[in-house]
Amino acid sequence: MSVAFTKEDSAETASETLLPDRPVSPHPNLVTEAGLKALEFQLHQAREAFETAQKIEDVNERRRQAATPLRDARYLAARVRTAQVISKPTSTDTVAFGSTVTFSRNDGRVQTYRIVGEDEADPKTGSISFVSPVAMFLLGKAVDDVVGVGDQELEIIAIS
């Protein structure tokens, strides 16, 4: 039977609604407790969006609406499954995963960031990934230490 007489597009068109998997980082999946809860919540939302899309009658529209939540659910399920929860640091002597560090740059700017997992990092809200260049230079350092990041020097002012 010709595609013209069915509600479905061709297999070729249908496969276009299958999105490639989101890339998974090669780094360990370290997360804070809040980061794991956020991943679980996002996974729940993706599954709900997928279930909602499955109720759409038009096959082609259902595929289009389900593609993103399905891809996101696969990614988030993998991230939840591989998450390694790191407890809050017990010491503020050195910068560690979960620490909030304040540093000054040689251009006079003072910045504060919390070092967190890759999926929970958002520099706009004050968190950076533990694998970001700045965090990698800061980890293990103490107050008053100066580290070079590219053409910048960062002096650690406070760790909390």
Exercise. Heavy-atom distance under 4.5 Å between the side chains of Val116 and Ile128, does that happen here?
Worked result: no

Problem set entry | Heavy-atom pair of closest approach, residues Phe97 and Pro89 | O-CG, 3.4 Å

For this session: Determine the minimum heavy-atom distance between Ala46 and Ala73, stating which atoms define it.
Result: CB-N, 3.9 Å

Exercise. Can you tell me if CD on Glu33 sees more than 12 non-hydrogen neighbours from other groups inside 6.0 Å?
Worked result: no

Problem set entry | Non-hydrogen side-chain atoms of Thr94 and Lys141 separated by less than 4.5 Å | no

Problem set entry | Side-chain heavy atoms of Ile157 within contact of Val143, under 4.5 Å | no

For this session: Determine the minimum heavy-atom distance between Arg79 and Asn29, stating which atoms define it.
Result: O-ND2, 2.6 Å

Exercise. What's the verdict on salt bridge (Lys or Arg N to Asp or Glu O under 4.0 Å) for Asp107 and Arg109, showing C-alpha distance, side-chain angles and the deciding distance?
Worked result: CA-CA 6 Å; Asp107 62 7; Arg109 288 183 294 159; 3.0 Å; yes

For this session: Evaluate side-chain contact (heavy atoms from CB on, under 4.5 Å) for Leu139 paired with Ile115, printing each intermediate quantity in order.
Result: CA-CA 9 Å; Leu139 288 169; Ile115 299 175; 4.1 Å; yes

Exercise. Going through the checks in order, is the side-chain contact (heavy atoms from CB on, under 4.5 Å) test met by Glu155 and Asp145?
Worked result: CA-CA 6 Å; Glu155 180 180 357; Asp145 283 353; over 6 Å; no

Problem set entry | Leu36 reachable from Val131 in the ILVMFWY side-chain graph, under 4.5 Å edges | no

Exercise. Should Val80 and Phe50 be regarded as members of a common hydrophobic cluster, given that ILVMFWY residues are connected when their side-chain heavy atoms come within less than 4.5 Å of each other, either directly or indirectly?
Worked result: no

For this session: Please round to the nearest 0.5 Å and tell me the distance separating atom CG of Asp119 and atom CZ of Arg22.
Result: 7.0 Å

Exercise. Hey, what do you get for CZ (Arg63) to CG (Leu70), rounding to the nearest 0.5 Å?
Worked result: 12.5 Å

Exercise. Roughly how far apart are Leu43 CG and Glu48 CD, rounded to 0.5 Å?
Worked result: 10.5 Å

Problem set entry | Charged N-O contact under 4.0 Å between Lys124 and Asp122 | no

For this session: Assess whether side-chain contact (heavy atoms from CB on, under 4.5 Å) is satisfied between Leu154 and Val134, documenting all intermediate values.
Result: CA-CA 9 Å; Leu154 312 178; Val134 169; 4.0 Å; yes

Problem set entry | For Val31 against Ala83, the heavy-atom pair lying closest together | CG2-CB, 3.9 Å

Problem set entry | Verdict with reasoning, Glu120 to Thr32, per side-chain hydrogen bond (donor to acceptor under 3.5 Å, both in side chains) | CA-CA 9 Å; Glu120 57 189 310; Thr32 64; 2.6 Å; yes

Exercise. Going by distance alone, is a donor N or O of one side chain under 3.5 Å from an acceptor N or O of the other, for Thr102 and Gln111?
Worked result: no

Exercise. According to a 4.5 Å side-chain heavy-atom criterion applied to Ile, Leu, Val, Met, Phe, Trp and Tyr, with indirect links allowed, do Tyr75 and Leu30 form part of one hydrophobic cluster?
Worked result: no

For this session: Start with the C-alpha gap between Leu138 and Phe103, add the side-chain angles, then the distance that decides, and say whether side-chain contact (heavy atoms from CB on, under 4.5 Å) holds.
Result: CA-CA 9 Å; Leu138 293 173; Phe103 55 88; 3.9 Å; yes

Problem set entry | Side chain Arg62, main chain Ile56, donor-acceptor under 3.5 Å | yes

Exercise. Between Ser129 and Glu118, is any side-chain donor less than 3.5 angstrom from a side-chain acceptor?
Worked result: no

For this session: State, yes or no, whether a side-chain contact exists between Pro28 and Gln84 at a heavy-atom distance under 4.5 Å.
Result: yes

Problem set entry | Basic-acidic side-chain contact under 4.0 Å: Lys37, Glu40 | no

For this session: Using a strict 4.0 Å threshold on nitrogen-to-oxygen distance, state whether Arg71 and Asp21 make a salt bridge.
Result: no

Problem set entry | Contact summary for Gln54 and Ala66, nearest pair of heavy atoms | NE2-CB, 3.5 Å

For this session: Determine whether Thr100 and Tyr113 make a side-chain contact, defined as any pair of heavy atoms from C-beta on separated by less than 4.5 Å.
Result: no

For this session: Determine, using the 4.5 Å side-chain heavy-atom cutoff (strictly less than), whether Val85 and Val24 are members of one ILVMFWY cluster.
Result: yes

Exercise. Counting heavy atoms not belonging to His27, are there more than 12 under 6.0 Å from its NE2?
Worked result: yes

Exercise. Do Leu76 and Phe41 touch side chain to side chain, with heavy atoms closer than 4.5 Å?
Worked result: no

